[in-house]
Amino acid sequence: MSESGPEKRLKFFGLSDYGTFWQAGRLLELVREFDATRGDQGINDIVELHHLALFLEHKVLPKDLAEAERDAPLAHVPEIRKVIGRFFGKVTDATFSTLVQDVDFQYRTDVLDLLGKNKVFERCTDSIVLAALQEQSFHPHDLLSCQALVRAYDQEIRALLLAGPRNAELLARKFLQSEGRDPIHLPKSFTPADQRGLFDRYLDEEEPNLNFVKLIASARADKNTGVDARLKLKARRKADALTKKMFESTEGIKTGCEVGISADQVEEVVQSLDGMVGKYSYSRTWLTENLDYPTILNNFVHLFQFANDHMLLELPSYGAQLGVFERFMGTPGKGDYRTGAAFRLQDQASLLQTLMYERFLSSEGIELESVIAWFFTDYLEQEFGAKGLKYRASSPTATYLEKSRHLFSEMESVLKQFTLHVDYGEVDPELLTITSEQLSYGDIPSQVVDKYAYVANNADIQGIQHLLFSDQSGLVHISSDLEAESFLHLVIANDIAYGP
């Protein structure tokens, strides 16, 4: 078995990775060359044998291999495991440094894993092992990925972590960043106070990674992660300083939104995009001629596009709207609300549209909150027979702070009123006054059976969602004359023939 470059080495990536199945030729070559009596294998040869055993244990063999020939390679697994065990069984303090020299980069975590499984860390001195690994440029992330090493050298790994402020990035990945990253193991002696101190020193660095600084700033305060309010504030100020410094040397990209009213515009609304700036212009004539309450509310749907024709809100951030780079780049935190350029434009537009319309209606002697109150008091009873639902508009002279506080209170009241209406068919004012339970939006009942469908965390369903709703789906482009931003938009915009 000859030493070969890393690009030719066998590597088992798992059954869910297509890269595993592209190595069939190398697999059979190793099986043919395997000799259990050889004693000159290097560390890379041994690790490659480990991956060969993984292929065989999972019965991943070339598809064109005849059924009668498939049992012979599988029979080598016990011998391969014995060779690996004997190799690591000979490792001592005296040979450890030589052993880890020139390990292929792709095999680094495998080497540590095999050292742990074969009890090498339990019989070798911590100072020799850690010095040798650091000399060979094993990253702290590599070390923390090996639970056996962390367990064996608890205090020493803690000291290694605390010695480098940049190691705070590893903690941020483990505790603050959203899932999907490699596991990181910490020594039992490493405390939340240690973690907070490391985060604090990281924020004192001259050029910390802005992504990780933002992770700390947006994280929830939690004594178990060492993040508290003071640390979050420090991170927020650091992020602001880094952002300001970054834009001192670059102009960046101009983004934003413009909303206005045109006195001579014929069309109800004209939308355009100037680079990354969305522009919305509305006809003053249309707005002035349509001041009845139903149309005012409909304008939020049809003119401002707060909802689509199916009355589904367009305001939330939908995964299908994220661009390719937005989906895979960045460091989203646990519990973060994932947003992209499309959401930010919609968010800015909805805010400016509401502000513009509120001021326009006020100039016409109409308070927007009065329209909302009419919807609950009159419209719902007239159209749906829903009696007793009330919304009290705030005083026209109230400040924005007072209006905001009032609005949140009324929203809570409306939810309770609707719940009573669903449960009992009416809103009893006295019962409403003694209903004190806090309502969760997820617990709000509905008068429609099976109104909502919730997507399960299932690979097949996620695949179907990708095909139907993603702009990266292979179904969005039929031809240059027949394409859309998603397959859903494609079938909605075109007449489709249905048949068995």
Side-chain angles (χ1 to χ4, degrees), residues 253-323 326 339-376 378-380 383 391 393 396 400 403-404 407 469-471 476 481-495:
I253 300 174
K254 183 181 179 181
T255 64
C257 181
E258 296 180 8
V259 174
I261 297 177
S262 172
D264 54 2
Q265 182 174 305
V266 177
E267 300 87 351
E268 299 168 12
V269 58
V270 174
Q271 301 181 30
S272 61
L273 189 64
D274 182 6
M276 295 288 288
V277 178
K279 296 184 177 183
Y280 303 82
S281 177
Y282 298 95
S283 167
R284 178 175 292 277
T285 302
W286 163 265
L287 296 177
T288 304
E289 292 178 350
N290 293 274
L291 294 175
D292 57 288
Y293 283 8
T295 303
I296 289 174
L297 290 180
N298 278 329
N299 281 341
F300 283 94
V301 177
H302 304 295
L303 204 62
F304 303 145
Q305 298 179 332
F306 279 22
N308 61 23
D309 293 338
H310 304 284
M311 289 307 295
L312 295 175
L313 271 180
E314 297 282 9
L315 302 183
S317 176
Y318 295 106
Q321 294 177 331
L322 294 174
E326 290 175 325
T339 63
F343 169 81
R344 288 190 290 274
L345 176 59
Q346 179 77 305
D347 187 50
Q348 292 169 353
S350 63
L351 175 62
L352 292 178
Q353 286 162 340
T354 303
L355 180 61
M356 176 275 293
Y357 204 30
E358 188 270 338
R359 291 182 177 178
F360 170 79
L361 292 174
S362 181
S363 70
E364 297 290 334
I366 299 174
E367 291 295 327
L368 183 55
E369 276 198 79
S370 298
V371 182
I372 298 173
W374 164 84
F375 173 82
F376 283 97
D378 300 332
Y379 180 80
L380 289 180
E383 296 293 326
Y391 175 93
Y400 276 110
K403 287 185 177 183
S404 297
L407 179 61
F469 305 115
S470 174
D471 60 355
V476 302
D481 299 322
L482 193 59
E483 59 182 356
E485 60 184 87
S486 73
F487 180 72
L488 176 66
H489 288 87
L490 192 62
V491 296
I492 289 176
N494 296 274
D495 293 328

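Heads up: numbering here begins at 1 and tracks the sequence.
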Which donor-acceptor pairs under 3.5 Å do side chains of residues 310-319 form with protein atoms, sequence neighbours excluded?
residue : atom : partner : partner atom : Å
Ser317  : OG   : Arg338  : O            : 2.6
Tyr318  : OH   : Leu313  : O            : 2.6

**Message:** I'd like to know whether Met356 forms a side-chain contact (heavy atoms from CB on, under 4.5 Å) with Tyr280, so could you lay out the CA-CA distance, the side-chain angles of the two residues, the decisive distance to 0.1 Å, and finally the verdict.
**Reply:** CA-CA 11 Å; Met356 176 275 293; Tyr280 303 82; over 6 Å; no
Side chain to side chain donor-acceptor pair (under 3.5 Å) test vs Ser281 passes for just one of Glu268, Glu267, Gln265, namely Gln265
Sorted by chain and number, sequence neighbours left out, side-chain hydrogen bond (donor to acceptor under 3.5 Å, both in side chains) with Asp264 holds for Ser262
Those residues at least two apart in sequence (or on a different chain) that pass ring pair (Phe, Tyr, Trp, His ring centres under 6.0 Å) with Tyr357 are Phe300, Phe304
With sequence neighbours left out, the residues meeting side-chain contact (heavy atoms from CB on, under 4.5 Å) with Ser362 are Glu367
Here the gap from Leu361 atom CG to Arg359 atom CZ, rounded to the nearest 0.5 Å, amounts to 12.5 Å
What one should report as the nearest heavy-atom pair of Lys403 and Pro396 is NZ-O, 4.1 Å
OG (Ser370) and OH (Tyr391) are apart, to the nearest 0.5 Å, by 9.5 Å
Short side-chain to backbone donor-acceptor contact, Thr288 and Thr285, under 3.5 Å: no
Heavy atoms of Leu345 and Cys257 approach each other most closely as CD1-CB, 4.3 Å
For Ser486, the side-chain hydrogen bond (donor to acceptor under 3.5 Å, both in side chains) test, sequence neighbours excluded, returns His489
For His302 and Gln305, the nearest pair of non-hydrogen atoms, with its separation, is O-CG, 4.1 Å
Residues Arg284 and Ile261: closest non-hydrogen pair is CB-CG2, 3.5 Å
Rounding to 0.5 Å, atoms CG (Leu407) and CD1 (Ile372) come to a distance of 7.0 Å
By side-chain contact (heavy atoms from CB on, under 4.5 Å), Val269 pairs with (sequence neighbours left out) Gln271, Tyr282, Leu303
Residues passing the ring pair (Phe, Tyr, Trp, His ring centres under 6.0 Å) test with Trp374, sequence neighbours excluded, are Tyr293, Tyr379
Scanning both residues in full, the closest heavy-atom pair of Ile296 with Leu291 reads CD1-O, 3.4 Å
The ring pair (Phe, Tyr, Trp, His ring centres under 6.0 Å) partners of Phe343 (sequence neighbours excluded) come to Tyr337
Those residues at least two apart in sequence (or on a different chain) that pass side-chain hydrogen bond (donor to acceptor under 3.5 Å, both in side chains) with Asp292 are Thr295
Sequence neighbours excluded, the answer for side-chain contact (heavy atoms from CB on, under 4.5 Å) partners of Ser404 is none
Across all chains, not counting sequence neighbours, the side-chain contact (heavy atoms from CB on, under 4.5 Å) partners of Leu490 are Ile478, Leu482, Ala484, Phe487, Asn494
When rounded to the nearest 0.5 Å, the distance separating OG1 of Thr255 from CD of Gln348 is 6.0 Å
Across all chains, not counting sequence neighbours, the side-chain hydrogen bond (donor to acceptor under 3.5 Å, both in side chains) partners of Thr354 are none
